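Take a look at the structure below.
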Amino acid sequence: MANEEDDPVVQEIDVYLAKSLAEKLYLFQYPVRPASMTYDDIPHLSAKIKPKQQKVELEMAIDTLNPNYCHSKGEQIALNVDGACADESSTYSSKLMDKQTFCSSQSTSNTARYAAALYRQGELHLTPLHGILQLRPSFSYLDKADAKHREREAANEAGDSSQDEAEEDVKQITVRFSRPESEQARQRRVQSYEFLQKKHAEEPWVHLHYYGLRDSRSEHERQYLLCQGSSGVENTELVKSPSEYLMMLMPPSPEEEKDKPVAPSNVLSMAQLRTLPLADQIKILMKNVKVMPFANLMSLLGPSIDSVAVLRGIQKVAMLVQGNWVVKSDILYPKDSSSPHSGVPAEVLCRGRDFVMWKFTQSRWVVRKEVAAVTKLCTEDVKDFLEHMAVVRINKGWEFILPYDGEFIRKHPDVVQRQHMLWTGIQAKLEKVYNLVKESLPKKPDGQSGPAALLSGDQRVQVAKSKAQQNHALLERELQRRKEQMQASSVLPGVRIKEEPMSEEGEEEEDRDAEEDEEPMDTSLGGSLHNRLANGLPSGRATGGDSFNGHPPPGCASTPVARELRAFVEATFQRQFVLTLSELKRLFNLHLASLPPGHTLFSGISDRMLQDTVLAAGCKQILVPFPPQTAASPDEQKVFALWESGDMSDQHRQVLLEIFSKNYRVRRNMIQSRLTQECGEDLSKQEVDKVLKDCCVSYGGMWYLKGTVQS
């Protein structure tokens with residue numbers, strides 16, 4: 001007791017176990033370096049991994065301008081490895097050993113006792129390590145030098161031999177057939193060192209992208225080191241009502257348990273359900289009901305349950321569709337399960353059901369044949385998906401089973417915004433998997449408040465014909481107007497005729513064109529959750545006048561929304577000099593998720609407003625010539641770069657961006673020569689490495705602008 005009084009408890013720290021990166025987190029142990037130098041400061045030229053063997057190779061640049069670097073030795077090593085004639089396959093294109101390869105080896109096979117810890121705001125978050133790899137310098141270039149030496153010796157011996165030497169005598173050979181391999185011999189061969197080395201060599205390398213310590217993607221991934229359930233949702237089982245606490249202290253006797261009727265294994269009474277943690281209650285209810293309004297869920301859980309805790313828990317097991325909650329696909333189809341009808345694995349079933357849920361965020365109606373044609377699943381599986389959340393209507397299709405819950409949408413706009421961001425990511429994955437064309441995706445007018453009408457084939461043909469006739473008449477009037485202007489200008493060349501619309505229809509057409517140009521960005525809610533929402537606001541508030549979402553047009557930089565957006569864009573491009581529109585929108589979504597509810601930026605930002613703000617912030621659009629067969633989306637092909645940041649590298653960066661405005665990918669020696677030509681001979685290697693690290697990524701020996709490489 002005396003010792004405990006002398007050593008009092010200074011602070012108690014809560015410990016959380018984070019599992020988001022439990023199967024993906026590796027610890028790299030680099031060779032010892034001086035304390036003043038970190039490996040993040042050294043440019044990582046390339047990285048690749050063999051996942052099955054947990055083998056990694058990193059290629060790092062060597063500072064050839066360091067006074068401790070021996071140039072003669074570096075030139076000698078490059079000469080021994082590549083020879084006198086350097087080509088594209090040369091290891092050292094600069095004729096100098098300017099890079100070094102590090103190869104990994106496992107330091108321990110049992111990593112169950114090791115974890116990475118992150119201390120933040122009085123909480124300690126632990127993530128188990130999946131592997132610990134020690135990086136050591138690789139001397140494979142010496143093997144290349146030996147191979148070159150042997151080739152030269154063989155060539156010299158072949159040159160010294162006589163060319164008039166007679167042909168060798170024909171020799172008789174005996175053909176023998178190998179005996180059938182026994183099972184024991186095959187097992188010995190499979191377990192031999194030579195066979196294992198051959199199998200390891202056959203595993204292909206997977207090329208990786210390296211992101212530095214201060215990169216936004218690194219910051220985003222570091223958030224996964226925090227336990228996602230530390231806000232209290234996972235600990236709600238510690239909060240019990242008096243009756244539940246009494247039941248835990250004095251459980252019923254075994255005799256009373258035997259007297260109770262035995263229920264089926266898949267049936268759970270409400271009394272038994274309420275003894276479980278809140279997260280398990282929500283999961284069991286959603287798994288059995290499939291689709292439920294939030295008000296019904298609260299009534300089932302009881303009046304003593306906090307609605308905020310339920311909102312946090314429901315988002316882990318369900319998705320928001322038309323204001324109602326639909327259970328997630330991975331809850332119904334857990335990993336390693338399969339379809340009882342077709343045997344399709346759970347991953348494919350989850351993807352197909354997510355497509356059906358996403359279709360219901362676009363419309364009240366879904367056609368089964370369309371779903372089957374896109375997902376390539378059997379009729380029984382598609383029917384199961386639809387029966388979970390819809391009812392069939394004769395000669396119409398499948399209608400969502402519950403009415404649109406506008407009350408929940410109005411009360412919880414922050415939850416709606418987060419759910420929309422999740423649906424945006426799911427939509428992007430579905431577009432890539434099912435090759436959906438963005439132009440063919442359904443788009444609804446902002447003012448549409450009711451469910452879309454289902455048109456027959458003949459009605460669609462009639463509507464298309466009427467639109468074509470209207471467009472033809474408008475084009476005829478436009479052509480006639482231009483002819484009259486040309487005739488007038490030929491008679492009176494010094495007089496300019498003022499151009500005005502010929503009729504009210506022309507004005508309406510121009511207004512429609514202007515509205516179509518203002519297409520909402522993917523962060524908006526229009527057309528994703530319900531046709532009554534536009535960019536996170538009800539349709540009645542989202543439409544109106546000359547403003548967008550209740551704010552003046554993008555040109556008015558004095559509005560709070562414009563100022564907030566300008567500050568975000570400037571701060572983002574100061575950290576990352578080159579961004580695609582797709583990456584910028586992803587960062588903007590992360591920024592929105594970190595803002596408090598009711599912030600001005602939640603009012604909705606359009607694509608045009610975001611791009612105009614980027615250009616007004618001193619950035620320029622780089623027209624990168626993507627290859628014709630590229631799989632990049634239109635947003636990924638729009639590349640913006642900070643043209644002037646005020647530092648010494650502005651001129652180097654501008655030359656580099658001009659190179660990529662004419663080339664999709666470039667070799668380093670071409671960039672080096674162009675920079676030397678434009679900026680002078682005194683350009684150091686560190687300056688070249690800096691501008692490449694700021695704007696480019698290396699992949700397969702070539703350099704690309706950030707965000708444009710398609711692996």
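Everything quoted here is computed from the prediction, not taken from an experiment. This chain uses plain numbering: 1 for the first residue, then up along the sequence.
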Looking at E399, I want to see if its CD is surrounded by more than 12 non-hydrogen atoms of other residues, nucleotides or ligands under 6.0 Å.
yes
Only pairs at least two apart or in different chains count here, so list each side chain to side chain donor-acceptor pair (under 3.5 Å) that has a residue in residues 323-332.
S329-R353, S329-D354
Does anything in residues 411-430 pair up under salt bridge (Lys or Arg N to Asp or Glu O under 4.0 Å), and if so which pairs, sequence neighbours excluded?
E407-K411
Just how far is it from atom NE2 of H207 to atom NZ of K48, taken to the nearest 0.5 Å?
6.0 Å
Out of curiosity, F360 CZ to W365 CH2, how far, rounded to the nearest 0.5 Å?
9.5 Å
Not counting sequence neighbours, which residues clear side chain to side chain donor-acceptor pair (under 3.5 Å) with E221? List them please.
none
Rounded at 0.5 Å granularity, tell me how far CD in E219 sits from CD in Q223.
8.5 Å
Does R586 come within less than 4.0 Å of E583, counting only side-chain N to carboxylate O?
yes
So CZ of F588 and CG of L565: to nearest 0.5 Å the spacing works out to 5.5 Å
Nearest 0.5 Å, what's the CD1-CZ distance between I426 and R351?
13.0 Å
Keeping E370 on the side-chain end and V366 on the backbone end, is there a donor-acceptor pair under 3.5 Å?
no
Could you pull out all residues at least two apart from E203 that satisfy side chain to side chain donor-acceptor pair (under 3.5 Å)?
Q53
Donor-acceptor contacts under 3.5 Å from residues 291-307 side chains, at least two apart:
{"unit_1": "S299", "atom_1": "OG", "unit_2": "N296", "atom_2": "O", "d": "2.6"}
{"unit_1": "D306", "atom_1": "OD1", "unit_2": "V308", "atom_2": "N", "d": "3.3"}

Carefully, step by step, assess L133 and L27 under the rule side-chain contact (heavy atoms from CB on, under 4.5 Å).
CA-CA 6 Å; L133 304 179; L27 175 65; over 6 Å; no
Go through the steps to decide whether Q576 and L587 satisfy the test side-chain contact (heavy atoms from CB on, under 4.5 Å), and finish with yes or no.
CA-CA 11 Å; Q576 304 186 55; L587 295 175; 3.7 Å; yes
For L226 against R120, the heavy-atom pair lying closest together:
CD1-NH1, 3.4 Å
Parallel, tilted or perpendicular: which one describes the rings of H220 and Y224, with boundaries at 30° and 60°?
perpendicular
Those residues that, when tested against Q29, pass side chain to side chain donor-acceptor pair (under 3.5 Å) (two or more places apart):
Q134
Run T580 and K638 through side-chain contact (heavy atoms from CB on, under 4.5 Å) and show every step you take.
CA-CA 6 Å; T580 62; K638 292 182 180 180; over 6 Å; no
Between the main-chain N or O of V56 and the side-chain N or O of S104, is there a donor-acceptor pair closer than 3.5 Å?
yes
